[in-house]
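Chain letters run A, B, ... following the sequence lines, proteins first and then strands; every chain starts at 1.
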There are 2 protein chains.
Amino acid sequence: MTALAHDRIQDTRDRTLEAALELFMARGYFNTTIQDLSERAGVSVGSIYHHFGSKTGVARALYQGLMGELEAAVDDIAARPVSSAEQCRAVMAHLLAFAEQRPRAMQFILEARHQEFLPEEPPMCSSQPFVRMRELVRRGIERGEIRDIDVNVAATSVFGGALRLIAMRLDGALDTPLPEHLDALWTCAWRGVAAP
Amino acid sequence: MTALAHDRIQDTRDRTLEAALELFMARGYFNTTIQDLSERAGVSVGSIYHHFGSKTGVARALYQGLMGELEAAVDDIAARPVSSAEQCRAVMAHLLAFAEQRPRAMQFILEARHQEFLPEEPPMCSSQPFVRMRELVRRGIERGEIRDIDVNVAATSVFGGALRLIAMRLDGALDTPLPEHLDALWTCAWRGVAAP
DNA sequence: GTCTATATTCGGATAGAC
DNA sequence: GTCTATCCGAATATAGAC
């Protein structure tokens, strides 16, 4: 296969996934038909089935791609040789920026009830990015940066505020861009859990 | 209409709503058919349409009932003549207990993408119970109990941790009953926002 | 690999008896 | 108010030409 042909195939896949993200989040997965997808992406129904096998297949490809991206970002931050506090803050900053720049993608990760159309995927709390975030917090406790409390309580306390504010923004209930709130959010989160 | 007849009608409605809550949350709204509802509730398809008009009607009745309940609980707490801190703590305790005792109901309130099947309802962040919770926090700032920061940041910081932990529990990713974490959650939340 | 036209299933909603 | 039997539109998926 030539490089050009490969690009054209990538293009069909990408156009389909982009249309899927847009429509799934605007109207919901079940309110979006393959026909809608086909029209929006400018790709025929046959091609969609050729590449993804089923409607579920489209959703799965989208899900795994986005989760993989987020996981990679968290892993990258986790590898930095800095304090747990700085790592957690960087993750929070990344989440806010990501949500602001690609709201639909963030919405798909956070709000979509994947269980409803991707029963084989784990619930969001058990997905890799969120497992990694808890891991950061666990190390913070080990290092004595964070008080010695239940790791789940600590992790949800650190990131819960930011995630709720992101949800508000994605719901259209918040007018200010998320990154502007980073400092205030981080101060609240870290004061809550920091070791004395 | 006799009191007895009235009770029988209530019973059909209640059985339907109970079945709906169970099935909508177990399989999702779109994966549940009216037939499923009818069988589970022991009520005929015709009766369901007689009482609720449509499948959406069932979801709407469920939604408004549960939101009304939660709103009443928050209002009750808001009326108590105590500090904002105590009010917020009481709301947090209520949320944890509610999620533990009626997980499906809490799941429906928190996780269901109502927008997908109830487009006319406001997004969750703008629903009455959550508006009232922000109001509690706003008063806390006015009274000087909470630092003078953006009210949305303060509100999400106060309740975000608890809501994420509830989500974990509802996802089956947390083994311990939620109310056991109240003290730890509250300490984190309040330390984060409390005025010096 | 891409497309159009088509088949088949399924589920929301209704009619009308009791 | 409750029920059963039935309609009908819609949407996933496929067949088969190019």
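Atom CG of B:D36 and atom C1' of C:dG12 are 12 Å apart (whole Å). For B:I48 and C:dT14, the CD1 to C1' distance is 14 Å, given to the nearest whole Å. Following rounding to the nearest Å, B:F117 (CZ) and C:dG11 (P) show an atom-to-atom distance of 17 Å. The CG-C1' distance, from B:N31 to C:dC10, rounds to 13 Å in whole Å. Spacing between atom CZ of B:F52 and atom C1' of C:dA13 amounts to 16 Å, rounded to whole angstrom units. Following rounding to the nearest Å, B:Q35 (CD) and C:dG12 (P) show an atom-to-atom distance of 10 Å. Between the C1' atom of C:dG11 and the CZ atom of B:F24 lies a distance of 13 Å, rounded to the nearest Å. B:F30 has its CZ atom 15 Å from the C1' atom of C:dC10, to the nearest Å.
Across all strands, B:T32 comes closer than 4.0 Å only to sugar-phosphate atoms, never to a base (heavy-atom distances). Residue contacts shown for A:S38 are absent, as no nucleic acid heavy atom lies under 4.0 Å away.
Between the side chains of A:Q115 and A:E121, no donor-acceptor pair of N or O atoms lies under 3.5 Å.
For A:S44, no side-chain nitrogen or oxygen approaches OP1 or OP2 of C:dT4 to under 4.0 Å. Dashed line: the shortest gap from a side-chain N or O of B:T12 to OP1 or OP2 of D:dT2 is under 4.0 Å. Considering only side-chain N and O atoms, A:H50 lies under 4.0 angstrom from the phosphate OP1 or OP2 of C:dG1. Listed pair A:S47 / C:dG1 fails the phosphate criterion, with no side-chain N or O lying under 4.0 Å from OP1 or OP2.
Mapping A:G53 and B:G42 onto DNA chain D by nearest heavy atom places B:G42 at the nucleotide closer to the 5' end.
Closest to the side chain of B:H51, out of D:dG1, D:dT12, C:dG1, is D:dG1. Among the nucleotides C:dC3, D:dT14, C:dT14, the one closest to the side chain of A:Y49 is D:dT14. Nearest to the side chain of A:T33, among D:dT12, C:dC3, C:dG12, sits D:dT12. Nearest nucleotide to the side chain of A:I34, out of C:dT4, C:dC3, D:dT12: D:dT12.
Salt bridge B:R139/B:E142: absent, no basic N to carboxylate O contact under 4.0 Å. Classification of A:D175 and A:R169 as a salt-bridged pair fails, no side-chain N sitting under 4.0 Å from a carboxylate O.
By the ring pair (Phe, Tyr, Trp, His ring centres under 6.0 Å) test, A:F52 pairs with no residue at all, sequence neighbours left out.
Annotation: cation-pi geometry not satisfied between B:K55 and B:Y49 (NZ/CZ under 6.0 angstrom from ring centroid, within 45° of ring axis).
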